[in-house]
Amino acid sequence: MLQENISLLPYNSFRIQANAKYFAAFQNIEQLESLLADYRTQSSNQLFILGGGSNILLTKDVDGVVLKNELTGIELIDEDDAHYYVRAHAGTNWHVFVTWCVNNNYAGLENLSLIPGNVGASPMQNIGAYGVEVKDLITEVSAYHIKEKRIQQFTNSDCAFGYRESIFKRTLKGQYIILSVTFRLNKKPNLNTSYGAIEQELIAAGIQQPGIKDIAAAVIRIRQSKLPDPKQIGNAGSFFKNPVIALHLYERLKSLNPQMPSYPAEPGKMKIAAGWLIEQCGWKGYRKLDAGCHDKQALVLVNYGSASGKELFDLSEAIIASVADKFSVTLEREVNIL
Ligand SMILES: Cc1cc2nc3c(=O)[nH]c(=O)nc-3n(C[C@H](O)[C@H](O)[C@H](O)COP(=O)(O)OP(=O)(O)OC[C@H]3O[C@@H](n4cnc5c(N)ncnc54)[C@H](O)[C@@H]3O)c2cc1C
């Protein structure tokens, strides 16, 4: 049942107050289809599918329908000599899913522990952390075509994954509701400890032969020490993507700033750290009223209490302008703006 004028405050990790004209949650396809058939949904010019609300910034009320995906469940659907195939429904909490896999010794997702949000959003922006992206593990995405009222399966290559990108965020934006995602997980772990501080964290814990549970625990400890907990300080994680820039611009910037962190990208390009660029422009720890730039990680914009989405958006504009001015690099937002 659609409810009217519902506050979205409990449904977004930035903890922004904004109302949805109509709101409902669905737990099965029949409920989803009846909500889509409702005359208010049919006549509305905005339909927004909500997961855990950890990658959105609400800059105004939603003058339309918000449908919260609460399809939950995890199933082992197949296995072969080397892999387990696990399907998770879109409304399943991401970390609950990762923990379930780790506890069953299904390897591959351990580096992605503690990312907020739900499974359904994971292919949207090809979530990633500590050297792993979901594009390396997803075999199939099942999604509902809103206009044509049919379920369609997408293979990994159909999803056109890129760095924080997929077809669902680009050409098919707003056309599909993701229902479930299937992952191919390894029977024999292929540990990835090279990225970030995982190695040091394992040494500090005295672990010489880590298993996937040790990796997950290390990632959880690192994330807890570095990132603000949305339950305490409103945020949506990295607000901007790390820019991928042409080699000639990279070489010019690197010669002027030898300490600038950078990572390999596609041929002819380099990825540079957005957080470092923002910090060099003096934004780290900045605060105006309740909108700020986190004091430990400049890439994370924060709501210290009652910041509005507009205040945070304006702050992001000012950051983009100053980084462009100083480095000739245009930052792109990772967070979805509503
Ligand atoms: C503290 C913190 C740390 C974070 N760290 C990381 C990180 O390390 N790596 C990373 O990649 N991200 C990170 N994020 C961002 C965020 O957690 C991910 O993008 C996550 O996948 C968002 O999931 P969600 O369910 O909250 O999506 P939402 O915010 O609810 O939605 C995000 C987008 O996906 C769409 N969407 C959601 N579900 C569906 C669906 N079922 N069908 C169709 N469209 C849908 C929405 O319409 C919206 O456009 C972090 C966020 C926070 C707050």
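In each ligand, atom 1 is the first atom listed, and ligand 1 is the first ligand listed.
- Of the charged side-chain nitrogens involved, none lies within less than 4.0 Å of a carboxylate oxygen, so that Glu332 and Arg164 do not count as a salt-bridged pair.
- The nearest heavy-atom contact from the protein to atom 20 (C) of ligand 1 is Pro116 O, 3.5 Å.
- In this structure a side-chain-to-backbone donor-acceptor pair under 3.5 Å is present from Asn12 to Leu8.
- Atom 10 (C) of ligand 1 has its closest protein heavy atom at Gly128 O, 3.6 Å.
- Among all non-hydrogen protein atoms, the one lying nearest atom 41 (N) of ligand 1 is Ile178 O, 3.0 Å.
- Distance alone, capped at 3.5 Å, is enough to place a donor-acceptor pair between the Ser166 side chain and the Met124 backbone.
- Protein heavy atom closest to atom 24 (P) of ligand 1, with residue, atom name and distance, is Gly52 N, 3.4 Å.
- The two residues Val65 and Thr41 make their nearest non-hydrogen contact at CG2-CA, 3.8 Å.
- By the salt bridge (charged side-chain N to carboxylate O under 4.0 Å, His left out) test, Glu251 is found to be paired with no residue, residues two or more places apart in sequence or in another chain being considered.
- Contact atoms of ligand 1 toward Gly237: 2 (C), 3 (C), 4 (C), 50 (C), 51 (C), 52 (C), 53 (C) (distance under 4.0 Å to a heavy atom of the residue).
- Ranking the protein heavy atoms by distance from atom 1 (C) of ligand 1 puts Asn235 OD1, 3.4 Å first.
- The aromatic rings of Trp100 and Phe97 sit parallel to each other, their planes meeting at less than 30°, with 60° as the upper class boundary.
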- Query: Checking salt bridge (Lys or Arg N to Asp or Glu O under 4.0 Å) for the pair Arg170/Glu165: CA distance, chi angles, key distance, verdict?
  - Reply: CA-CA 8 Å; Arg170 292 272 166 201; Glu165 281 300 343; 2.7 Å; yes
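- Residue Asn336 touches ligand 1 through its side chain alone, judged by heavy-atom distances below 4.0 Å.
- Taking each of Val119, Asn55, Ile49, Val132 in turn, the one with a heavy atom nearest to atom 29 (O) of ligand 1 proves to be Asn55.
- Of the polar atoms of Ser13, none of the N or O atoms is found under 3.5 Å from an N or O of ligand 1, judged by distance alone.
- The pair Lys187-Glu79 counts as a salt bridge, with a side-chain nitrogen and a carboxylate oxygen less than 4.0 angstrom apart.
- Using a 4.0 angstrom heavy-atom cutoff, Tyr176 counts as in contact with ligand 1.
- Considering NZ of Lys135 and CG of Asn156, their distance stands at 8.0 Å, rounded to 0.5 Å.
- In summary, the atoms of ligand 1 found under 4.0 Å from a heavy atom of Ile56, numbered by their order in the structure, are 29 (O).
- Residue contacts with ligand 1: Leu50 is placed with no nitrogen or oxygen under 3.5 Å of a nitrogen or oxygen of the ligand (distance criterion only).
- If you chain together hydrophobic residues whose side chains sit under 4.5 Å apart, Trp283 and Leu227 never meet in one group.
- The shell of residues lying under 4.0 angstrom from ligand 1, judged by heavy atoms, excludes Lys169.
- For atom 3 (C) of ligand 1, the closest non-hydrogen atom of the protein is Arg223 NH2, 3.4 Å.
- At a heavy-atom distance under 4.0 Å, only side-chain atoms of Asn69, from C-beta outward, approach ligand 1.
- In terms of polar-atom proximity, defined here as any N/O pair under 3.5 Å, Ser122 makes no such contact with ligand 1.
- Contacts between Ala129 and ligand 1, counted as non-hydrogen atom pairs separated by less than 4.0 Å, involve the side chain only.
- Ligand 1 has an N or O atom lying under 3.5 Å from an N or O atom of Gly53, backbone or side chain.
- Asp78 contributes no side-chain N or O that, together with a main-chain N or O of Tyr85, makes up a donor-acceptor pair within less than 3.5 Å.
- Within ligand 1, the atoms closer than 4.0 Å to a non-hydrogen atom of Gly117 are 23 (O), 24 (P), 25 (O), 26 (O), numbered from 1 in the order shown.
- Residues passing the salt bridge (charged side-chain N to carboxylate O under 4.0 Å, His left out) test with Arg287, sequence neighbours excluded: Asp290.
- When Gln125, Gln297, Lys226, Met124 are ranked by how near their heavy atoms come to atom 34 (O) of ligand 1, first place goes to Met124.
- Among protein heavy atoms, atom 14 (N) of ligand 1 sits closest to Ile115 CG2, 4.2 Å.
- When ring centroids are compared, Phe168 and Phe154 come within the 6.0 Å threshold.
- Shortest contact from atom 27 (O) of ligand 1 to any protein heavy atom: Ala121 CB, 3.3 Å.
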